[in-house]
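Below is one structure, written out as structure tokens; comments come after it.
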Amino acid sequence: MGQTYHHQFGNMKTTWDFRARNVGEGKVHKKYTKEDIEEITEQIKAYCNLRFTDEELEYLKTKCPWIHNDYINFLSFWHPQFKDFEISDNADSGLRISFGGVQEYVSYYEIPVLEICAEVYYRNHFNYDELLKGFKEKTEEKIHDINFGDFDIGTWSEFGARRRLSFEAQDWLIGRLAEEKKKSSRFTGFVGTSNVLLAMKYGLTPVGTCAHEFIESVAQGNLMYNPAYSNKIAMDAWIKEYGVLNGIWLTDTIGDELCRRDMTLTYATLFSGVRNDSGDPFKWAKNWVEHYKSLGIDPHTKTLLFSNSIDSFKLWGDLCKYTKELGAKPAFGIGTYWSGPQTITPLNIVAKVVLVNGMDVAKLSDDSGKTMSRNSEYVHYLKRTLDWRLESGK
């Protein structure tokens with residue numbers, strides 16, 4: 001995403017908001033405290049002192065061939081800036097964080113901010129040593145279940161950085177999974193992690209897809225575009241940048257049905273598959289297989305990637321079996337189930353784009369609770385544009 005912003009959207013400015021969905025009065029977790037905010041502020045300041053190392057940039061050159069030299073050069077100069085952040089207690093969760101600036105500079109802040117807000121909270125509100133001990137014990141149980149279970153979980157990767165218990169926990173986890181991959185035939189389906197640093201450390205593949213932010217940013221923050229065509233506009237930009245590389249498309253930014261409408265034969269041929277991140281995954285899989293068939297595409301050639309709340313081996317295995325029966329290739333991006341705390345309810349935290357070039361934008365997923373925008377009137381407007389397309393057939 002960053003390279004596409006760099007090459008095609010250098011003048012785009014965005015504003016992002018942090019939200020803790022299950023933190024606050026009457027919710028699962030107590031509010032962030034004044035002490036939490038002070039520590040989070042200091043940790044973000046420390047993050048702003050980081051720079052990419054020559055070793056890291058060389059790794060991107062050699063292991064990620066779709067990344068261009070001019071973009072590597074940009075990253076060699078890029079660094080976070082604390083002036084881009086606003087941090088206060090003015091939120092129901094007790095913590096408000098907003099950051100903004102040119103998108104090719106500030107989009108990188110999302111994951112580190114979430115990592116910091118999660119780890120500080122877990123360390124300050126719980127016995128961290130007990131959480132880490134429970135994390136390792138539960139992980140070993142899951143590894144045992146994979147090695148000796150009778151279920152098929154297909155191809156999968158670890159996607160959990162933003163809601164992880166801690167860096168220490170994720171580092172240990174990826175090391176264990178990499179160890180099992182070397183010695184156990186039951187772990188051949190484990191392909192890598194979205195944490196590029198840990199992929200580099202443990203000799204794994206860095207994996208991921210585009211995110212909701214990309215579709216929101218390039219398509220909704222421009223008066224020239226009707227946001228009901230967000231997917232088409234964003235796919236055009238992605239294909240211009242990568243052709244057939246990096247070809248898993250996230251389908252639910254403005255609802256899955258319109259994404260299928262825009263995934264015409266050309267796009268469906270160029271993209272290697274699609275990703276589910278909300279709604280009923282079984283219904284979603286069936287709809288996409290039927291869509292590929294309607295275009296004359298063999299679904300065996302396409303990957304259906306599931307990344308939404310895979311929280312048990314039963315669900316994971318059932319989805320894998322069902323997708324294969326439909327005739328497509330299942331894959332899984334497993335986040336909090338591996339990387340989050342294993343003995344308490346994890347934080348449900350996000351950071352989302354809410355303004356693009358000063359204009360409101362919104363994510364309207366297939367789960368209503370995931371809708372996020374600063375402006376409810378814009379959400380109503382966006383829904384009306386989507387209804388118009390759905391009803392008119394355009």
Side-chain angles (χ1 to χ4, degrees), residues 1-14 16 60 63-72 74-75 102-108 110-111 157 159 194 196 205-222 224-278 284 288 291-292 295 297 301-307 329 331 333 352-353 356-357 361-365 389:
M1 290 187 294
Q3 180 169 270
T4 310
Y5 296 143
H6 179 65
H7 287 156
Q8 300 182 44
F9 302 98
N11 291 322
M12 179 193 299
K13 290 188 174 182
T14 60
W16 295 64
L60 294 179
K63 297 297 183 181
C64 305
W66 56 86
I67 294 182
H68 300 173
N69 286 333
D70 70 311
Y71 180 59
I72 296 288
F74 164 76
L75 291 178
V102 176
Q103 177 74 329
E104 68 170 316
Y105 286 87
V106 304
S107 67
Y108 308 102
E110 175 195 4
I111 302 303
S157 58
F159 259 31
S194 61
V196 184
T205 302
V207 293
T209 75
C210 76
H212 300 102
E213 67 160 270
F214 183 79
I215 300 164
E216 289 177 76
S217 298
V218 308
Q220 291 187 37
N222 189 326
M224 294 174 60
Y225 300 146
N226 181 332
Y229 294 90
S230 293
N231 282 296
K232 182 182 185 307
I233 296 160
M235 285 191 291
D236 283 340
W238 198 260
I239 289 168
K240 179 181 177 182
E241 192 70 29
Y242 295 112
V244 297
L245 300 175
N246 291 327
I248 298 288
W249 192 252
L250 180 60
T251 68
D252 69 334
T253 305
I254 56 170
D256 188 65
E257 185 174 351
L258 282 181
C259 189
R260 290 197 305 276
R261 185 171 298 182
D262 284 333
M263 187 70 75
T264 56
L265 179 60
T266 297
Y267 298 113
T269 301
L270 290 170
F271 284 97
S272 59
V274 286
R275 171 183 159 204
N276 168 258
D277 199 50
S278 63
W284 175 87
W288 275 97
H291 181 66
Y292 283 128
L295 298 173
I297 293 175
T301 65
K302 297 300 175 181
T303 296
L304 303 188
L305 173 62
F306 301 88
S307 64
K329 296 186 293 187
K352 297 292 183 184
V353 175
V356 177
N357 295 329
V361 298
K363 170 197 170 188
L364 296 180
S365 77
R389 273 204 74 190

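Heads up: numbering here begins at 1 and tracks the sequence. Computed from a prediction, not measured in an experiment: that's the story for all the values here. Hydrogens, waters and symmetry mates play no part in the numbers below; they use all other heavy atoms, side chains included.
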dist Lys363:NZ -> Lys352:NZ (nearest 0.5 Å) comes out at 4.0 Å
In this structure, CG of Leu305 is separated from CZ of Phe159 (nearest 0.5 Å) by 5.5 Å
Taken to the nearest 0.5 Å, the spacing of Met12 CE from Glu104 CD works out to 10.0 Å
Separation between CG (Leu364) and OG (Ser278), nearest 0.5 Å, reads 10.5 Å
When Trp249, Trp288, Tyr242, Tyr292 are each screened for ring-ring contact (aromatic ring centres under 6.0 Å, His included) with Phe271, the one that passes is Trp249
Practice task
Please test Leu75 against Leu60 for side chain to side chain contact (heavy atoms under 4.5 Å, CB included), starting from the C-alpha separation and ending with a verdict.
Solution key: CA-CA 10 Å; Leu75 291 178; Leu60 294 179; 3.9 Å; yes
Checklist entry - Angle class for the His6/Tyr71 ring planes (parallel below 30°, perpendicular above 60°, tilted otherwise)? => result tilted
Heavy-atom donor-acceptor pair, Gln220 side chain to Ala362 backbone, under 3.5 Å:
yes
Of all heavy-atom pairs linking Leu250 and Ala211, the shortest is CD2-C, 3.6 Å
Minimal heavy-atom distance between Gln103 and Ser217, with the atoms involved, is NE2-OG, 3.3 Å
Original post:
Is there a donor-acceptor pair closer than 3.5 Å between any side-chain N or O of Ser272 and the backbone N or O of Gly247?
Top reply: yes
Query raised in the report: Cut-off 3.5 Å, side chains only: do Trp238 and Gln8 have a donor facing an acceptor?
Result: no
Are more than 12 heavy atoms from other residues, nucleotides or ligands located less than 6.0 Å from atom OH of Tyr105?
no
- Task: Determine whether Asn222 and Asn357 make a side-chain contact, defined as any pair of heavy atoms from C-beta on separated by less than 4.5 Å.
- Result: no
Side chains of Asp70 and His7: does their closest heavy-atom pair fall under 4.5 Å? yes
Rounded to the nearest 0.5 angstrom, the CH2-OG1 distance for Trp284 and Thr251 is 5.5 Å
Here the gap from Leu270 atom CG to Leu265 atom CG, rounded to the nearest 0.5 Å, amounts to 9.0 Å
* Any chance NZ of Lys13 has more than 12 other-residue heavy atoms, nucleotides or ligands included, within less than 6.0 Å? -> no
For Ala228 and Asp262, the nearest pair of non-hydrogen atoms, with its separation, is O-OD2, 4.2 Å
Before you tell me yes or no, could you show the steps for Asn226 and Arg389 under side chain to side chain contact (heavy atoms under 4.5 Å, CB included), namely the whole-Å CA-CA distance, both residues' side-chain angles and the distance that decides it to 0.1 Å? CA-CA 10 Å; Asn226 181 332; Arg389 273 204 74 190; 5.6 Å; no
Quick check: Phe214 with Tyr5 (ring centres under 6.0 Å apart)?
yes
Show the numbers, then the answer: is there a side chain to side chain contact (heavy atoms under 4.5 Å, CB included) between Leu295 and Thr269? CA-CA 9 Å; Leu295 298 173; Thr269 301; over 6 Å; no
Heavy-atom closest pair (Ser307 atom, Arg275 atom, distance to 0.1 Å) is OG-NE, 2.8 Å
Correct closest heavy-atom pair for Val218 and Tyr225 would be O-CE1, 3.6 Å
May I ask you to test the Ser107-Met1 pair for a side-chain heavy-atom distance under 4.5 Å? no
Under a 4.5 Å cut-off applied to non-hydrogen side-chain atoms, are Thr253 and Glu216 in contact? yes
* To do: Please examine the side chains of His68 and Phe74, heavy atoms only from C-beta on, and report whether any two atoms are closer than 4.5 Å.
  => no
When you compare the side chain of Ile254 with that of Ile215, does any pair of heavy atoms fall below 4.5 Å? no
In terms of heavy-atom contacts, Ala268 and Ile297 come closest through CB-CD1, 3.5 Å
Worksheet item: Do the non-hydrogen side-chain atoms of Val274 and Arg260 ever get within less than 4.5 Å of each other?
Response: no
Quick one, Asn276 and Asp256 - any side-chain contact, counting heavy atoms below 4.5 Å?
no
Is the closest basic N to carboxylate O distance between Asp236 and Lys240 below 4.0 Å? no
